[in-house]
Amino acid sequence: MSITIQFPDGDSRQYDSAMTPLQIASDISEGLGRVAIAAELDGEPVDLSRQIDTGDHTLRILTRHDPESLKVLRHTAAHIMANAVRNLYGDKVQYTVGPALMDDFQYGFYYDFDLPESLSTDDLGKIESEMKRIIKARTPLERIELTPAEAKERMTAIGQEYKVRMIDDLLTAENVETISFYNQGDFVDMCRGPHLPDTGKLKAFKLQTVAGAYWRGDENNKMLTRIYGTAFFDKKELAEHLERIEEARKRDHRILGKQLGLFTLSDEVGPGLPLWLPKGTIIRMELEGWLRGELLKRGYQAVMTPHIGRLDLYRTSGHYPYYEHGLFPTLPMGEDDGYLLKPMNCPHHIQIYKSSQRSYRELPIRFSEFGTVYRFEKSGDLNGLTRVRGFTQDDAHIFCSPQQLEVEITSCVELTKLVLDTLGLNDYRVRIGLRDPDSSKYTGSSENWNLAEQNIRNVVRDVGLDYTEESGEAAFYGPKIDFVINDCIGREWQLGTIQVDYNLPERFALEYIGSDNAPHRPIMIHRAPLGSPERFIGILIEHFAGAFPLWLAPVQVAVLPVSEKCADYATEQTRILKDNGIRAELDDSPEKIGAKIRRATLDKVPYMLILGQKEADAGTVAVRHRTEGDFGAVGIDGFIADIRTEIETKGSQCVADRVLETEDR
C-alpha cells in the first residue's frame with residue numbers, strides 16, 4: 001500500500017499503510033495533533049478519524065484558526081445539546097435537524113425537537129448543566145456507515161419517526177447506498193459530519209432561547225420546539241459575542257421605532273405592512289428626496305406604475321413561476337385569468353420602454369421609480385421594517401446598447417458608493433452573485449450569462465473594488481453586484497444591488513433602431529442603491545441607535561426655555577428656525593430644564609437651544625449637542641448658518657467637530 005499526501009504549502013509525505021488525518025497531523029508535529037479539529041481531504045471536510053486509503057490525496061488539517069472549524073464545533077454542540085435533551089426528557093424525545101449557523105449574527109446552532117412536554121427559557125440552565133456533564137466525560141464521536149435498511153431499523157428501534165422520514169426522503173432524492181451516523185456514547189444521530197473528535201473539545205457555549213418551528217418550515221406540519229445556542233473556541237470570544245448581542249438588543253429598530261415614534265405595525269392593517277408615523281416619514285422623505293436629486297443629475301427619468309398587473313405580464317417576465325410561492329394570491333378579474341399585486345417593478349418599466357419605438361440616439365434610457373411591491377412572506381419570517389410584505393424599492397431600469405453597458409454599470413456602482421459613503425456605511429464588501437450551473441432556476445442562454453458575468457467582472461476590477469464571487473447568488477435573470485455592509489457592531493447586511501440582464505429584453509422582444517436602421521436588442525440594468533427604504537431605514541435605525549445625522553433627524557433642534565419668563569423669546573427663536581427650513585420643536589412644558597434636556601436627549605435630537613433670561617437679554621442662544629455637551633452662546637443667525645452647512649454637506653462639515661477642534665487648540 002502506498003499513500004501520497006499533498007499539503008497546501010506544496011510539501012508532501014508518503015505512507016505505506018492506512019492513515020487518519022489525526023495520525024498525519026501528529027506525524028507533522030505533536031502540537032498540530034493536539035490542536036487539530038477536523039480535516040479537508042481531497043476538498044471534502046472529514047473527521048480526524050477518517051481512514052485514508054491507497055492513492056494520491058490532498059490534505060489540509062483544520063485548527064481553530066480556520067473558519068471551517070467553527071462550523072464543526074457548533075455542529076457538535078448541537079449534537080451534545082440533543083444528547084442532553086434526550087437524557088433529561090426521556091426516550092419520547094424526537095430529535096429532527098440540528099445544523100450549525102454561520103451566517104446568523106445572533107445564533108450559532110439550533111436543534112428542533114418534538115417533546116413530550118413544553119419548554120421555556122427557564123429550562124435552558126438545566127440543559128446546559130447536562131451538556132457540561134457530557135462534555136466533561138470527553139465522550140468520543142464515532143462515525144459509522146449503515147445501509148438504508150439498517151438505518152431505518154435502528155431509528156425505528158429508538159422511536160425516531162422523523163429520522164425514518166428523512167431517510168426515506170434521502171433515498172428518493174439521492175438513492176444513496178449508505179447513510180452516516182455518529183455514536184456519542186449511548187446517543188446516536190444521523191449526520192453527514194464532520195464532528196469534533198470528542199465532546200471535551202467544546203469549551204465555550206451558551207443556550208440562548210426557545211422558539212417554535214414548523215417541521216420542514218411548512219405551516220401545515222406540526223410545530224416543533226427549537227432551541228437556539230451558540231459556541232466558540234474560548235470563553236473570551238463567547239463573552240464578546242454575547243456583549244454584541246446585548247448591544248444589538250439596545251439598537252433593535254422595532255423597539256427604537258416605537259420609542260422614537262417612527263413607524264408602527266397594526267394587526268388590523270395586517271402583519272408585515274408597516275405604517276409610517278410623521279417622524280419616520282420625515283426620515284424617509286429626506287432620504288428619498290436626496291436620492292431623487294442625485295438621479296436627476298445623472299439623467300434618470302422618473303416614472304410611476306400601478307400596484308397590480310395581469311398575471312400574463314409576470315409569466316412573460318418569469319417572476320410568476322419564480323416567485324409563485326411567495327406572492328399574494330391571484331386576483332380574479334372577469335374574463336382575464338387574474339391579476340397580481342406586483343412583486344417587481346421591472347415588467348412595468350419594460351412596458352413603458354415598449355410604449356414607443358426607440359432609437360439608438362435615445363439610449364441609454366434610465367427609468368426610476370420608488371415603486372411599492374408585495375411579497376407574501378411567511379409570518380415567522382416577518383421582522384419590523386427589515387422583512388415585510390409590502391415595501392418600496394428605489395428601483396431603476398436602464399436600457400442601453402452593448403457599447404454603453406459597462407459605462408452604465410460603473411455609474412451605478414459609483415452611485416451606490418455615494419449613498420453608502422454619505423451615510424457613513426464605509427465598511428462593506430462587494431459580492432458578485434453568479435448563477436449556480438447545477439440549478440435550473442435561471443432563465444436565458446449560457447452565452448448571455450457568460451457575457452453578463454464578464455461585464456460585471458470588468459467593471460468591478462476597473463473601479464478597483466475588492467470582491468468575492470459566490471455561485472448561486474445571481475437573480476434568476478442575470479448576475480449581480482451586491483454591497484454587503486458591516487454595521488457598527490459587526491453585523492452584515494446586504495443593501496445596494498446592481499443586476500445585468502440580457503434575458504428579459506429577449507423575453508419581451510425589446511428593440512431599438514440602430515444607426516444602421518436595423519432593429520437591435522437593448523440590455524437592461526436593474527439597480528437599487530438602497531434596496532428598499534423600509535429595510536434600509538430599519539438598518540439605519542440600528543446602525544445609528546436612533547441618533548440620526550442632522551440632515552435626517554426628524555427634529556433637528558429642540559428649543560428649551562428655562563422658565564415661563566423666557567417663553568416668548570423661545571417661541572420667537574423657534575419661528576426663526578422654522579422660517580429658515582430647520583425642523584425645530586419647542587418644549588414649553590412647565591418641567592425643569594434638566595428634565596427637558598433629558599427628554600430631548602432620549603429623543604435623539606441633535607441640538608438643543610437652552611434659553612434663559614441671560615440669553616433673552618443678550619439676544620443669543622446657548623447651544624448644546626446631544627453627545628458633546630454645551631457649546632456656549634451664539635447669535636441665532638450664526639447658529640442657523642452653521643447647522644445649514646452641516647445639513648447641506650450631509651455632515652461632512654459638522655458644527656460639533658469644529659467646536660471640539662477649537663477646544664483642542
Side-chain angles (χ1 to χ4, degrees), residues 260 279-298 414-426 488 529-530 536-537 540-541 543-560 569-587 597 600-601 603-611 615-616 618-665:
L260 300 176
K279 288 184 177 179
T281 301
I282 288 171
I283 297 171
R284 179 165 170 172
M285 289 176 65
E286 286 292 328
L287 196 59
E288 291 182 7
W290 168 64
L291 188 53
R292 289 180 202 274
E294 292 298 328
L295 296 179
L296 286 174
K297 292 178 189 176
R298 289 163 172 76
E414 296 297 344
L415 177 61
T416 305
K417 288 174 61 182
L418 173 67
V419 168
L420 298 180
D421 293 345
T422 299
L423 289 159
L425 302 172
N426 308 108
C488 60
L530 301 182
F536 195 88
I537 292 173
L540 286 184
I541 292 170
H543 181 70
F544 292 124
F548 283 91
L550 181 64
W551 69 281
L552 287 177
V555 178
Q556 295 167 322
V557 180
V559 181
L560 312 178
Y569 183 67
T571 300
E572 177 62 16
Q573 302 312 300
T574 305
R575 183 193 63 77
I576 293 171
L577 289 167
K578 290 182 175 180
D579 287 348
N580 281 273
I582 308 299
R583 293 190 291 276
E585 197 170 80
L586 172 64
D587 184 350
I597 291 172
T601 303
D603 287 343
K604 316 289 187 182
V605 179
Y607 290 99
M608 291 158 262
L609 300 185
I610 316 300
L611 304 181
E615 286 75 28
T620 59
V621 294
V623 181
R624 181 181 178 86
H625 188 267
R626 66 184 166 201
T627 58
E628 304 300 337
D630 295 324
F631 288 171
V634 297
I636 189 68
D637 291 340
F639 174 70
I640 289 172
D642 282 345
I643 64 169
R644 284 180 68 90
T645 298
E646 184 174 338
I647 291 167
E648 290 165 3
T649 62
K650 304 293 183 289
S652 64
Q653 297 181 38
C654 184
V655 177
D657 292 342
R658 291 203 303 277
V659 171
L660 293 173
E661 286 173 7
T662 302
E663 290 177 353
D664 289 342
R665 295 194 194 104

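All heavy atoms count here, side chains included; hydrogens, waters and symmetry mates do not.
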Phe548 to Pro606 - nearest heavy-atom pair and separation: O-CG, 4.3 Å
State whether the side chain of Gln556 and the backbone N or O of Leu550 hold a donor-acceptor pair below 3.5 Å, judged by distance alone. yes
Arg626 (side chain) donor-acceptor with Met608 (main chain) under 3.5 angstrom: no
Side chain to side chain contact (heavy atoms under 4.5 Å, CB included) partners for Pro529, two or more places apart: Leu291, Asp394, Leu415, Thr416, Val419, Arg527
Going by side chain to side chain contact (heavy atoms under 4.5 Å, CB included), name the residues that satisfy it together with Thr571, two or more places apart in sequence or in a different chain. Leu586
Asn426: partners by side-chain hydrogen bond (donor to acceptor under 3.5 Å, both in side chains), with sequence neighbours left out: Asp421
Under the side-chain hydrogen bond (donor to acceptor under 3.5 Å, both in side chains) rule, collect the residues that match up with Arg624, sequence neighbours excluded. Asp630
Below 30° counts as parallel, above 60° as perpendicular, anything between as tilted: where do the rings of Tyr607 and His625 land? perpendicular
Could you tell me whether the side chain of [Y] reaches within less than 4.5 Å of the side chain of [X], counting heavy atoms only?
X	Y	value
Phe536	Leu425	yes
Leu423	Leu552	yes
Lys604	Phe544	no
Ile282	Val555	no
Ile283	Glu286	no
Leu609	Leu577	yes

Between [atom1] on residue [X] and [atom2] on residue [Y], distance to nearest 0.5 Å:
X	Y	atom1	atom2	result
Phe639	Ile582	CZ	CD1	7.5 Å
Ile610	Glu615	CD1	CD	8.5 Å
Ile576	Ile636	CD1	CD1	6.0 Å

Quick one: do Ile537 and Arg284 satisfy side chain to side chain contact (heavy atoms under 4.5 Å, CB included)? Show the steps, please. CA-CA 7 Å; Ile537 292 173; Arg284 179 165 170 172; 3.8 Å; yes
Among residues at least two apart in sequence or on other chains, which ones pass salt bridge (charged side-chain N to carboxylate O under 4.0 Å, His left out) with Glu294? Lys297, Arg298
Going by the rule salt bridge (charged side-chain N to carboxylate O under 4.0 Å, His left out), which residues pair with Glu572 if we only count those two or more places apart in sequence or in a different chain? Arg575
Candidate pair Trp551 and Thr422, rule side chain to side chain contact (heavy atoms under 4.5 Å, CB included), full reasoning: CA-CA 11 Å; Trp551 69 281; Thr422 299; 4.3 Å; yes
How far apart are the C-alpha atoms of Val621 and Leu611, what are their side-chain angles, what is the distance that settles it, and do they pass the side chain to side chain contact (heavy atoms under 4.5 Å, CB included) test? CA-CA 6 Å; Val621 294; Leu611 304 181; 3.6 Å; yes
